[in-house]
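Remarks on the structure that follows.
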Amino acid sequence: MSIQKPKGTQDLLPGEIEKWQYVEAKARELCKRFNYREIRTPIFENTELFQRGVGETTDIVEKEMYTFEAKGDRNKPLSFSLRPEGTAGVVRAYVENKIYGEPDISKLFYIGPMFRYEQPQAGRYRQFHQFGIEAFGSVDPSIDAEVIALGYTFYSELGIQNVTVDINSVGTPACRDIYKQKLKEFFTPVKDQLCSDCQSRFDRNPMRILDCKKDQKLGEGAPTILEYLDEECTVHFAAVQEHLRAMNIPFQINPRLVRGLDYYTHTAFEYKAAGIGAIDTIGGGGRYNGLVGQIAGGNNDQPGVGLGLGLERTLLILQAQNVELPSEKLLDVYLIGLGEAAEKEVTKQLQLLRLAGVKAEKDYLGRKIKAQMKSADRYKATFVAILGDDELSRGEITVKSMANGEQQTMLLEQLVTGMLEKI
RNA sequence: GCGGUCGUGGCGAAGUGGUUAACGCAUCGGUUUGUGGAUCCGACACUCGAGGGUUCAAUUCCCUUCGAUCGCCCCA
């Protein structure tokens, strides 16, 4: 058996990659309009960064990281991990490069691969790609709303329909502690009836029980976090909604929305769309006040808010909704040379055309003219230019339109300018 | 980590315990000695994911393994 790609990874081949390029170009262009600037951070980081940043007890850190040892000191080898998400690395770079020292708030975006050791299924891979943004330095609710709006705009400008935005406030750690206590009290009488997963969630993270599909009924009537938000959190959450309404971003409040990463405070949100098997979340994010300080080691704490969107999921939804992405034609002109002298001239003209910006191609398999015509047709070339000995001797070339079959003769020396006019 | 389904040429897809593994698409060649998208003709799998077992005989039965896919958990 020849070597195969690792499970859960994929080769993006010509034919498919154009869609990726289009989607990524959309992301970059959108970020320009919203004034977010690109940042590229390493694909692996010290394992500790993710342990501290993502959260020691999250599934991601507990069982989904690709961690490896590297040479360090004899006694203390270094432990690195492939990044399972984008925020921790960006926060690290923000702190390490003292970007907080700049006068304005920092608005950054990234596009790149992430890695999680999980069982693949529809819309889930071990190497997947995210487009994400992070805004550091402001607690203003309008920036929460801006982040949500950027993600929503991304989907809508790609032509994706029926994306819903769920938002919630997960408060501060202080209100969350009170709420978790109340939640435990609520579930205590029925604790034995909870599923085994939820039994363990009861102690570790009771908020997750509300997410459980099996225990929906038991969770009915449970208190919501919104009832336990303090004054500041309530005001912030209301203001985020105001700004969303002002921007005409549709949303719904989902008090049961809990995210899988520990670092969120205040705003949490998810984008959902149907069409990828059992998966409906295509992106999400939230505010993470305190995370920067935690990663910086207590100094230079700065508030932040961001999002991460799954690119595979975006493409799957585009496919599910039959969205046609604009595609570029491959060739303007296909050159056919008949005979040795003509072929040499074709090589010369090919280069001249390419230098002039014309997408041009020729045959490299020694095929007959008919086969070359077919090849030109497959490439969807707009024109075919045929050069035989007789044309060559007159210093001319025959140019044929593949759309209507019309042919005309051009002077060889005018081929480049002629093609530039036609395309 | 657990469970379901699947694995035949570039792609799609039949098939059977036994000396030629259908068919369709695509490709290549010819019909048209310099012209595509139509028709017709022809070519194209020492081989049925890999390894092992049962058998006189296995692509077809059994086991293992790898992979794909879908789902659970969780998430992008």
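The sequence lines fix the lettering, A, B, ..., with proteins before strands; numbering per chain opens at 1.
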Respond yes when some side-chain nitrogen or oxygen of [X] is under 4.0 Å from OP1 or OP2 of [N], and no when none is.
X         : N       : result
Arg367(A) : rU35(B) : no
Arg378(A) : rU27(B) : yes
Tyr334(A) : rU35(B) : no
Gln121(A) : rG71(B) : yes

When all nucleic acid strands are considered with a 4.0 Å heavy-atom cut-off, which category describes [X]: base, sugar-phosphate, or nothing?
X         : answer
Ala381(A) : nothing
Glu85(A)  : nothing
Gly388(A) : base
Phe383(A) : nothing
Lys7(A)   : sugar-phosphate
Leu338(A) : base
Ala122(A) : sugar-phosphate
Glu391(A) : base

Do you see a donor-acceptor pair shorter than 3.5 Å between the side chains of Glu391(A) and Thr398(A)? yes
Anything under 30° is parallel, anything over 60° is perpendicular, the rest tilted; go ahead and classify [X] against [Y].
X         : Y         : answer
Phe34(A)  : Tyr36(A)  : tilted
Phe68(A)  : Phe80(A)  : tilted
Tyr228(A) : Tyr179(A) : tilted

Could you tell me how far [M] sits from [N] if I compare only their [atom1] atoms? Round to whole Å.
N       : M       : atom1 : value
rG49(B) : rU8(B)  : P     : 6 Å
rG4(B)  : rC46(B) : P     : 34 Å
rC40(B) : rC56(B) : C1'   : 47 Å
rU20(B) : rC48(B) : C1'   : 15 Å
rA50(B) : rC25(B) : P     : 28 Å
rU54(B) : rG18(B) : C1'   : 16 Å
rA45(B) : rG7(B)  : P     : 22 Å
rG17(B) : rU60(B) : C1'   : 7 Å

Spacing between [X] atom [atom1] and [N] atom [atom2], to the nearest angstrom:
X         : N       : atom1 : atom2 : answer
Asp280(A) : rC70(B) : CG    : C1'   : 16 Å
Lys5(A)   : rG67(B) : NZ    : P     : 10 Å
Leu331(A) : rG36(B) : CG    : P     : 18 Å
Asp377(A) : rU27(B) : CG    : C1'   : 14 Å
Gln372(A) : rG36(B) : CD    : P     : 12 Å
Gln4(A)   : rC66(B) : CD    : P     : 11 Å
Asp59(A)  : rC72(B) : CG    : P     : 15 Å
Met373(A) : rC28(B) : CE    : C1'   : 18 Å

Nearest-nucleotide comparison on RNA chain B, the residue closer to the 5′ end among Leu309(A) and Glu406(A): Glu406(A)
Lys400(A) vs Phe128(A), nearer the 5' end of RNA chain B by closest nucleotide: Lys400(A)
Side chain of [X] (C-beta onward), nearest among [options]:
X         : options                   : result
Gln119(A) : rG71(B), rG29(B), rA68(B) : rG71(B)
Lys370(A) : rG67(B), rG36(B), rA76(B) : rG36(B)
Lys374(A) : rC72(B), rA76(B), rC28(B) : rC28(B)

Indicate, with yes or no, if the rings of Phe187(A) and Phe202(A) have centres closer together than 6.0 Å.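 No: the rings miss the under 6.0 Å criterion.
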Regarding rA76(B), can its base be found pairing with the side chain of Glu118(A) as donor and acceptor, where the two atoms are less than 3.5 Å apart? yes
base_contact_polar (rG1(B) base, Lys63(A) side chain, donor-acceptor, <3.5 Å):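 It does not, because no donor-acceptor pair links the side chain of Lys63(A) to the base of rG1(B) below 3.5 Å.
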Take atom NZ in Lys348(A); do more than 12 heavy atoms of anything else shown fall under 6.0 Å from it? no
Between side-chain atoms of residues 409-423 of chain A and protein atoms elsewhere (two or more places apart, or another chain), which donor-acceptor pairs fall under 3.5 Å?
| from | atom 1 | to | atom 2 | distance (Å) |
| --- | --- | --- | --- | --- |
| Thr417(A) | OG1 | Gln414(A) | O | 3.1 |

Pairs involving residues 142-151 of chain A, ordered by first then second residue, that meet salt bridge (charged side-chain N to carboxylate O under 4.0 Å, His left out) (sequence neighbours left out): Lys107(A)-Glu146(A), Asp144(A)-Arg287(A)
Flag this pair as yes if the NZ/CZ of Arg126(A) is under 6.0 angstrom from the six-membered ring centre of Tyr117(A) and inside a 45 degree cone about the axis; otherwise no.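 Cation-pi check for Arg126(A) and Tyr117(A): passes.
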Less than 4.0 angstrom from a charged side-chain N to a carboxylate O is my criterion; do Arg354(A) and Glu361(A) meet it?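 Counted as a salt bridge, because a side-chain N and a carboxylate O are separated by less than 4.0 Å.
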Here the helical stems involving RNA chain B, each at least 3 consecutive Watson-Crick or G-U pairs closer than 3.5 Å, sorted by first residue number, are B:1-7 with B:66-72, B:10-12 with B:23-25, B:27-30 with B:40-43, B:49-53 with B:61-65
